Each structure stands twice: as C-alpha cells, then as structure tokens.
Amino acid sequence: MNDYKVTSNISLKSTQTKVVIDDAEKQLKKLRKELGKLQDTLYAHGKYSVLVCLQGMDTAGKDSLIREVFKDFNARGVVVHSFKVPTELELKHDYLWRHYIALPARGKFGVFNRTHYENVLVTRVHPYYIMGENIPGVESVEDVNDAFWNKRFEQINNFEKHIAENGTIIFKFFLNLSKAEQKNRLLRRLRKQEKNWKFSPGDLKERKLWDKYQNCYEDAINRTSKPHAPWFTIPADDKPTARFLVAKIMLDTLKTYNNIKEPELDDDIKANIEMYKQQLNNE
C-alpha cells in the first residue's frame, strides 16, 4: 500500500485515477470487521485517537466511503464531521478552531469529510473568501499572497504535528478522481430522481475551475505530507477499490502500533475471578 503514500513531491497528472481490484467489496467486508475489533481495543486502551481526513473533488465518493468502511464500527467509537461554509460563530475564531474542537477523543476515530485543507483549497481558488475571516493585516485580496499561503501551510503543519505528538494517529486520503468520471457521476445525479438532491448548479461552476483545484491539491499534498501525517492518493474512479484501499491502509498502519492493547486487570481482581463468578452464580 506504500504505492499510494506520498513520500516525495508528486504530480497529480501522472498519478492513477482508475485502479480496479478484484473482489474489492468482498475483501472490504473482512477488513472493516477487523477495523471494528481494533477500534474496540483502541477504546479500551484509551491512549490514542485516530483522525481520518478525506478530501476530493465533488462526487469523489467521500460519503459512500464513510458509510461502507465504517459500517462495522461500534457507533460510540466513530464520529463524522462534515465541514461546510463557516458559520458566523466559526468566522469569529481562527480558521483551525472549528477543526480543533471536532478532533476525536482518545479511544475514538474521527472522520473529517472535507477538512482543514479547505482553508488552502477552496479559499485559494477563491481568495476573496478570506476577507470573511476578518484577519488583522489582510485588508484586501492583494494581501492574500504567497507569503500568506506559506504561513497558512506552516500553521497546518504545526497543528498536525502538535496533535500527532499528543496521541492522534493521522490519515489523510485524497480521493483522486478523473474529470471524465466526475462528469459521469454528475450526469447520474441528474438522471436518477432519487439522486437529484445531491446536485447543485454550483458543482458545474466549480468544475470549470478543475485545473486550478488540481494545482492547489497538488501543492497542498506536496507541502504537508509528513511522516507523522502522510497523504495517500487513492485512485477514486472505481468506488469499491477506493474503499478497500482506504480500509487496508488504515488497518495495516494501525497494526504496527504494537502497544495498542486491552488493559490488563489488576492482580487482585485477576486472582479473584473465580470468587466473583461464584458470587454471581449463588445469587
């Protein structure tokens, strides 16, 4: 699975978007059961949390991936956050605030459906959005320059380093969708009445900015893929394969944490197990 891990600068134009793995759905069922069991152990252990970041263009399959990969998790063990346009309250804080307060507690998985990277993606394609953040020293769009973005990338890297050093295991997945496949999926939303609600005319406006988004994604991935918070570029044209790859990468990585195990009982409790059984049986 290291084929998908970003360890040096990449070009999205040269990465694969179409990979098909045989029996991906069948293999996923086994993987997600193992992940569910591992999450129970993580919860009992209580020292690590897991943050799963999902980014991708519209229709990349983030929602369905969350549904299928985490299907066998205990409901108490995973919390999903979908980040939309910042609210009035959120804009009164720094841009990372709403993400920080949504981080998973120790023992839990947190899934960010769209993430703090929106702050160097959609705002970079539409820099005038930054004006709504009311940042000191940013008086016009001209102030949203290279120095501004360099500082923001530094802040994001520091944010991730901080939470990683305090027990958060970070996975960042870019669902790498081709423009042709996005067209097919948008058309499917329009053709199927039950899918119409997912479509927005704004999707077509953003699609016209495809190349700009790809450039911003590429730059963001290259600047922020670190050993403690790596990016994985996941071929997303085939949904079952994308789901399998995400689950496989998470499971393989988490298995390397040999210290994640259920806590042992105190010696006194362990020595009196039979007595406790007898007390219950004698009720």
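What you see is a predicted model; the values in this text were computed from it and never measured.
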Does any part of the side chain of Lys179, heavy atoms only, come nearer than 4.5 Å to the side chain of Arg207, both counted from C-beta? yes
So which residues get pulled into Leu186's cluster when ILVMFWY side chains under 4.5 Å apart are joined, directly or through others? Leu190, Phe199, Leu204
Evaluation steps, side-chain contact (heavy atoms from CB on, under 4.5 Å), between Phe244 and Val69: CA-CA 8 Å; Phe244 165 79; Val69 169; over 6 Å; no
Just so I know, are the side chains of His81 and Phe83 near enough to count as touching, which here means a heavy-atom distance under 4.5 Å? yes
Nearest atoms (heavy-atom pairs only) where Ile170 meets Ala164: CD1-CB, 4.1 Å
ILVMFWY cluster, Leu96 and Ile163 together (side-chain gap under 4.5 Å): yes
Does CD in Glu88 sit with more than 12 non-hydrogen atoms of other residues, nucleotides or ligands closer than 6.0 Å? no
Would you please test Lys239 and Leu65 for side-chain contact (heavy atoms from CB on, under 4.5 Å) and show each step? CA-CA 8 Å; Lys239 287 187 176 183; Leu65 184 148; over 6 Å; no
Compare every heavy atom of Asp237 with every heavy atom of Arg185, then report the nearest pair and how far apart it is. NH2-O, 3.0 Å
Between the side chain of Asp23 and the main-chain N/O of Lys26, is any donor-acceptor distance below 3.5 Å? no
Can any side-chain N or O of Asp238 pair as donor or acceptor with the backbone N or O of Ile21 at less than 3.5 Å? no
Just checking, is any N or O donor in the side chain of Thr59 or Arg189 under 3.5 Å from an acceptor N or O on the other one? no
When you group the ILVMFWY residues by side-chain heavy-atom contacts below 4.5 Å and let the links chain together, are Ile169 and Ile156 in the same group? no
Could you tell me whether Lys248 and Asp252 have a side-chain N and a carboxylate O separated by less than 4.0 Å? yes
If we only count heavy atoms from C-beta on, is the Trp149 to Val144 side-chain gap below 4.5 Å? yes
Is a side-chain donor or acceptor of Asn145 paired with a backbone partner of Ala147 at a separation under 3.5 angstrom? yes
Quick check against the 3.5 Å criterion: does Glu133 have a side-chain atom that pairs as donor or acceptor with the backbone of His93? no
Nearest heavy-atom approach of Leu103 to Leu51 is CD2-CD2, 3.9 Å
Got a sec, which hydrophobics cluster with Leu89, joining ILVMFWY side chains under 4.5 Å apart, including via others? Trp97, Ile101
Of all residues at least two apart in sequence or in a different chain, which pass the ring pair (Phe, Tyr, Trp, His ring centres under 6.0 Å) check with Tyr257? Tyr48
Residue pair Ala220 / Phe153: nearest heavy atoms and the distance that separates them: CA-CE2, 3.6 Å
Once side-chain hydrogen bond (donor to acceptor under 3.5 Å, both in side chains) is applied, do any residues pair with Ser200, and if so which ones, sequence neighbours excluded? none
Side chains of Phe173 and Leu245: closer than 4.5 Å at any heavy-atom pair? no
Pair Glu25 + Lys29, salt bridge at N-O below 4.0 Å: no
Mind checking ring pair (Phe, Tyr, Trp, His ring centres under 6.0 Å) for Tyr217 and listing every partner two or more places apart, or none if nothing turns up? Phe174
Working to the nearest 0.5 Å, report the span between CG of Asn196 and CZ of Arg188. 13.5 Å
Results of side chain to side chain contact (heavy atoms under 4.5 Å, CB included) for Leu209 - residues two or more places apart only: Val125, His126, Glu206, Lys212, Tyr213
Please report the C-alpha distance between Asn176 and Thr17 in whole Å, then the side-chain angles of each, then the deciding distance to 0.1 Å, and finally whether the side-chain hydrogen bond (donor to acceptor under 3.5 Å, both in side chains) criterion is met. CA-CA 5 Å; Asn176 194 10; Thr17 62; over 6 Å; no
Looking only at heavy atoms, which two atoms of His45 and Pro263 are closest? And how far apart? N-CD, 4.2 Å
In sequence, state the C-alpha distance, the side-chain angles, and the governing distance for Met57 and Gln214, and then conclude on side-chain contact (heavy atoms from CB on, under 4.5 Å). CA-CA 9 Å; Met57 298 292 286; Gln214 293 297 298; 3.7 Å; yes
Cationic N near anionic O, under 4.0 Å, Glu68 to Arg32: yes
Residue pairs involving residues 109-132 (criterion salt bridge (charged side-chain N to carboxylate O under 4.0 Å, His left out); sequence neighbours excluded): Asp58-Arg114, Arg114-Glu118, Arg124-Asp219
Quick check: do Pro235 and Lys18 have side-chain heavy atoms less than 4.5 Å from each other? no
Linking I/L/V/M/F/W/Y whenever their side-chain heavy atoms sit closer than 4.5 Å, directly or via other members, would Leu280 and Ile273 fall into one cluster? no
Is Arg223 close to Asn150 at the side-chain level, that is, under 4.5 Å between some pair of heavy atoms? yes
Is any side-chain heavy atom of Val80 less than 4.5 Å from a side-chain heavy atom of Phe70? no
Run the side chain to side chain contact (heavy atoms under 4.5 Å, CB included) test against Ser140 and tell me which residues pass, sequence neighbours left out. Glu142, Asp143
Has Gln279 got more than 12 heavy atoms of other residues, nucleotides or ligands less than 6.0 Å from its CD? yes
In a table with atom names and distances, give each donor-acceptor pair under 3.5 Å that connects a side chain of residues 33-40 to protein atoms at least two apart or in another chain.
unit_1: Glu34; atom_1: OE1; unit_2: Lys255; atom_2: NZ; d: 3.2
unit_1: Gln39; atom_1: NE2; unit_2: Gly107; atom_2: O; d: 2.9

Hydrophobic cluster membership, with links at side-chain heavy-atom distances under 4.5 Å among I/L/V/M/F/W/Y: are Phe159 and Ile130 in one? yes
Between Thr241 (side chain only) and Val19 (backbone N and O only), is there a donor and an acceptor less than 3.5 Å apart? yes
If you draw a 6.0 Å radius around NZ in Lys161, do more than 12 non-hydrogen atoms from other residues or ligands fall strictly inside? no
Please check if Tyr43 and Val79 belong to a single hydrophobic cluster, counting links between Ile, Leu, Val, Met, Phe, Trp and Tyr side chain heavy atoms closer than 4.5 Å. no
Which pairs with one or both residues in residues 98-113 pass salt bridge (charged side-chain N to carboxylate O under 4.0 Å, His left out), sequence neighbours excluded? Glu90-Arg98
Does Ser225 use its side chain to pair, donor to acceptor, with the backbone of Val6 at less than 3.5 Å? yes
Taking Thr253 for its side chain and Met250 for its backbone only, find out whether a donor-acceptor pair lies under 3.5 Å. no
Distance, nearest 0.5 Å, that separates NZ of Lys183 from OG of Ser178: 11.5 Å
Where do Ile249 and Phe171 come nearest, in terms of heavy atoms and distance? O-CE2, 4.0 Å
According to side chain to side chain contact (heavy atoms under 4.5 Å, CB included), who are the partners of Thr115, at least two apart in sequence or on a separate chain? Cys53, Gln55, Phe112, Tyr117
Salt-bridge contact Glu160-Lys172 (side-chain N to carboxylate O under 4.0 Å): yes
With a 3.5 Å cut-off and sequence neighbours excluded, list the donor-acceptor pairs that the side chains of residues 226-234 form with protein atoms.
unit_1: Trp231; atom_1: NE1; unit_2: Thr224; atom_2: OG1; d: 2.9

Examine His116 together with Tyr95 and report whether their ring centres are nearer than 6.0 Å. no
Lys151 vs Glu154, side-chain contact (heavy atoms from CB on, under 4.5 Å): CA-CA, chis, key distance, verdict: CA-CA 5 Å; Lys151 178 61 70 174; Glu154 181 184 1; 3.5 Å; yes
